[in-house]
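Data first, discussion second: the structure below is written as structure tokens.
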Amino acid sequence: MLVRLGYVAMNLNLENCSPSGTITVKTFSKLTSEEGKLHRLRKITRENLNNTLRILRYNKAYNIDVYRLTSKLVPLATHPITKEWDYIGDFMDEYIEIGQFIKDNNYRISAHPDHYTLINSPTDKVFEDSLRDLDYHVKLFEAMGLDDYRYKLVMHIGGVYKNKELSIERFYENFVKLPDRIRKRLILENDDKSYTAKDVLGICKRLKVPMVLDVHHHNCANEGENLEELISDIFDTWQDEYFVPKVHFSSPKSQKEFRSHADDIELEEFCEFLAIAKKLDRDFDVMIEAKNKDKALFNLSNKLKEFENIRWINEGHFEVL
DNA sequence: TCGTGTCAAGATCTT
DNA sequence: AAGATCTTGACACGA
């Protein structure tokens, strides 16, 4: 059973390498000339794209194949205030270079629109804004030349709006309404409050969409069902996919702040999950979601070296025997 | 330069 | 009905 590790957006080992630089609307609005505004947006975007490439090269050096792009690559991209700006056309060369690097190395790259993106909202405006945000993510992937069967966007189901059943129905309705080029990118993840792994599994089966299992979220929100009984079906949602199943993993910050992410990954917990997954013996990828980002990945990976039943291949790959 | 309040966005909980 | 909270990294501003 081969397992690959990945991390999210930021790299803490590289200095001055944020891929998420931005500007506030307030500051942006204070700029007087159109030229100055454009200059500022372009400067930030150029730095973000450059730093993304630096991170990807770093990943290459350390054999890390799995990585999530930040949603903040382009500052204020979906805000009406920048509507006139062609953030794709202005950086076509950079997008192509990043995309080519990803494809040349056969990396598994994803993105995760944030929790304001809610396609099951009963409010039209919220749905429209969400559509614009999804469109932004998809445009970036398209500009990078990343196809829709390998390069996915992970999304949650959304709000409950006092009636879960109706809200799931509205999710189905709005999901099929999405343009093909957006819908085909989407895969779904259980959240830590509203939609449990069991809920999302049902939705994924019906829509024939792969499910990302978030182990920590499952521990936060479940109705007594355990992973052993769900994981086989969850992994089966990846049957026809190019990549193996993907799992998100984080550890609770504390007993009191259980839902918050800890700095690092708790080894024991992680091994418990490996034992559950080992029963299926299917390869899968793990997205490490810890405050210490890449450092948390290395911390975990180094500890796994010590185990007899693990054949450590490199920082980003190991085999469970 | 550093510390801290604030920031595009929605939902949900609290009052 | 209005306001606080969630959650987050980074900005922005004032000391």
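Treat the numbers as computed from the prediction; the structure is a model and nothing was measured. Numbered from 1 within each chain, the chains take letters A, B, ... in sequence-line order.
- Atom name P, nucleotides B:dG5 and C:dC6: the rounded distance is 16 Å, in whole Å.
- Nucleotides C:dG9 and B:dA11 have their P atoms positioned 23 Å apart, rounded to a whole Å.
- For C:dC11, neither phosphate oxygen OP1 nor OP2 lies less than 4.0 angstrom from any side-chain nitrogen or oxygen of A:Thr27.
- Taking atom C1' on both nucleotides, B:dC13 is separated from C:dT7 by 15 Å, rounded to a whole Å.
- When heavy atoms are screened at a 4.0 angstrom cut-off, A:Ile81 is found touching no nucleic acid atom at all.
- Shown here, C:dA4 forms a base pair with B:dT12; the pair counts as Watson-Crick or G-U wobble because both key distances fall under 3.5 Å.
- Counting any heavy atom pair closer than 4.0 Å across all strands shown, A:Lys162 reaches no nucleic acid atom.
- A:Ser121 comes within 4.0 angstrom of sugar-phosphate atoms only, judged by non-hydrogen atoms across all strands, and of no base.
- Note on A:Lys291: only backbone sugar-phosphate atoms sit closer than 4.0 angstrom, heavy atoms only; bases stay farther off.
- In terms of polar N and O atoms assigned as donor or acceptor, the side chain of A:Thr78 comes within less than 3.5 Å of the base of B:dA8 in a complementary pairing.
- Using a 4.0 Å heavy-atom criterion, one finds that A:Gly158 contacts no nucleic acid atom at all.
- At a cut-off of 3.5 Å, with distance as the only test, a side-chain donor of A:Asp65 or A:His317 sits close to an acceptor on the other residue.
- B:dG10 and C:dA10 have their P atoms separated by 23 Å, with the value rounded to a whole Å.
- Exactly one of A:Ile313, A:Asp283, A:Asp285 qualifies for a side-chain contact (heavy atoms from CB on, under 4.5 Å) with A:Arg4. That residue is A:Asp285.
- In summary, A:Arg132 and A:Glu128 do not engage in a salt bridge, as defined by a charged side-chain N under 4.0 Å from a carboxylate O.
- Across all strands, A:Asp114 comes closer than 4.0 Å to base atoms (heavy-atom distances).
- Contact between the side-chain N/O atoms of A:Thr24 and the OP1/OP2 oxygens of C:dA12 is found at a separation under 4.0 Å.
- Put simply, A:Tyr116 rests on the base of B:dA9: the two rings are less than 5.5 Å apart at their centres and nearly parallel, under 30°.
- Among the heavy atoms of the strands, none lies under 4.0 Å from A:Lys193.
- Nucleotides C:dG3 and B:dT6 have their P atoms positioned 15 Å apart, rounded to a whole Å.
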